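Predicted model only: the values in this text are computed from it and were never measured.
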Amino acid sequence: FYRCDGVTFADLPGYGYAKTAKSELRRWQELINGYLQQDRDLRAVLLLIDMRHPPTKNDLQMVNFLIDTEMPFAIVLTKADKLNKTERTARLAALPQELPQFEDLNVTVFSSVTGEGVDSLRGLIEEITVPVEDAEDSPAE
């Protein structure tokens, strides 16, 4: 758990390309599902997907789980700096066919190396972490 500016972030185990025993991956999946399904004030899930590769079977399962449970979420496409312009264009063009309901998803291209996407992600986090009473008091747009 990480606390930053009054917001608590839970960094759940990854399931991507790690060379981990299947039993351990199943345990992580149960942990993640249990955490997300408990009654707590979860504002959103930030699903990190390595932009260099198509979404994995596990990525797609998580996207479908989040859609099915109506859990607010955003996809963060990581490691954008590791792709050249042609590779990046190809990956972005493929995503609408690879991710379910792509047109409805909030997707941010991100690089911790170059800082790309940092401001966008920070804005999203600020938007979803506004205290409920503050959001109710703000004028409707």
Task: Exercise: identify the closest heavy-atom pair between A44 and I128 - done: CB-CD1, 3.4 Å
Task: Closest non-hydrogen atom pair, D50 against R52 - done: OD2-NH2, 2.7 Å
- [ ] For the residue pair R43 and T129, confirm or rule out a side-chain donor-acceptor distance under 3.5 Å.
- [x] no
- [ ] For residues L99 and D59, determine if any side-chain heavy atom of one lies less than 4.5 Å from a side-chain heavy atom of the other.
- [x] no
TODO: Check whether any side-chain heavy atom of V45 sits under 4.5 Å from a side-chain heavy atom of L36, and report yes or no.
DONE: yes
Task: Side-chain touch F1/D11, heavy atoms, less than 4.5 angstrom - done: no
Open item on the list: As an exercise, state the distance from NZ of K79 to CE of M51, rounded to the nearest 0.5 Å.
Closed with: 13.0 Å
- [ ] Spell out, yes or no, whether L95 and I67 are grouped together once hydrophobic residues are joined by side-chain heavy atoms under 4.5 Å, including indirect joins.
- [x] yes
TODO: Kindly indicate whether the side chain of L47, heavy atoms from C-beta on, has any atom under 4.5 Å from the side chain of V76.
DONE: no
Open item on the list: Is the shortest side-chain heavy-atom distance between V113 and K82 below 4.5 Å?
Closed with: no
Open item on the list: Rounded at 0.5 Å granularity, tell me how far OG1 in T78 sits from CG in L46.
Closed with: 12.0 Å
Open item on the list: Given 3.5 Å as the limit, does a donor-acceptor pair link the side chain of Q37 with the main chain of G34, or not?
Closed with: no
Open item on the list: Within the supplied structure, the quantity of interest is the number of heavy atoms (other residues, nucleotides, ligands) at a distance under 6.0 Å from N84 CG; does it exceed 12?
Closed with: yes
Open item on the list: Within this structure, what is the OG-CG distance for the pair S111 and L83, rounded to the nearest 0.5 Å?
Closed with: 10.0 Å
Task: Pairwise distance CG(N106) to OG1(T108) - rounded to 0.5 angstrom - done: 5.0 Å
Open item on the list: With rounding to the nearest 0.5 angstrom, report the CG to CG distance, L48 to L77.
Closed with: 9.5 Å
Task: Heavy-atom side-chain proximity of F110 to S112 below 4.5 angstrom - done: yes
Open item on the list: If you define the side chain from C-beta out and look only at heavy atoms, does anything of V63 sit under 4.5 Å from F73?
Closed with: yes
- [ ] Using atom types as modelled and distance alone, determine if a side-chain donor or acceptor of T114 lies under 3.5 Å from a backbone N or O of E116.
- [x] yes
Open item on the list: Counting neighbours of CD on Q38 that are heavy atoms of other residues, nucleotides or ligands and sit closer than 6.0 Å, is the number greater than 12?
Closed with: yes
Open item on the list: Has D68 got a side-chain atom pairing as donor or acceptor with F65's backbone, closer than 3.5 angstrom?
Closed with: no
Open item on the list: Regarding E127 and R122, does a basic nitrogen lie under 4.0 Å from an acidic carboxylate oxygen?
Closed with: no
- [ ] Calculate, to the nearest 0.5 Å, the distance between atoms CE and CG belonging to M62 and L12 respectively.
- [x] 7.5 Å
Task: Taking every non-hydrogen atom, the tightest pair across I49 and P55 - done: CG2-CA, 4.4 Å
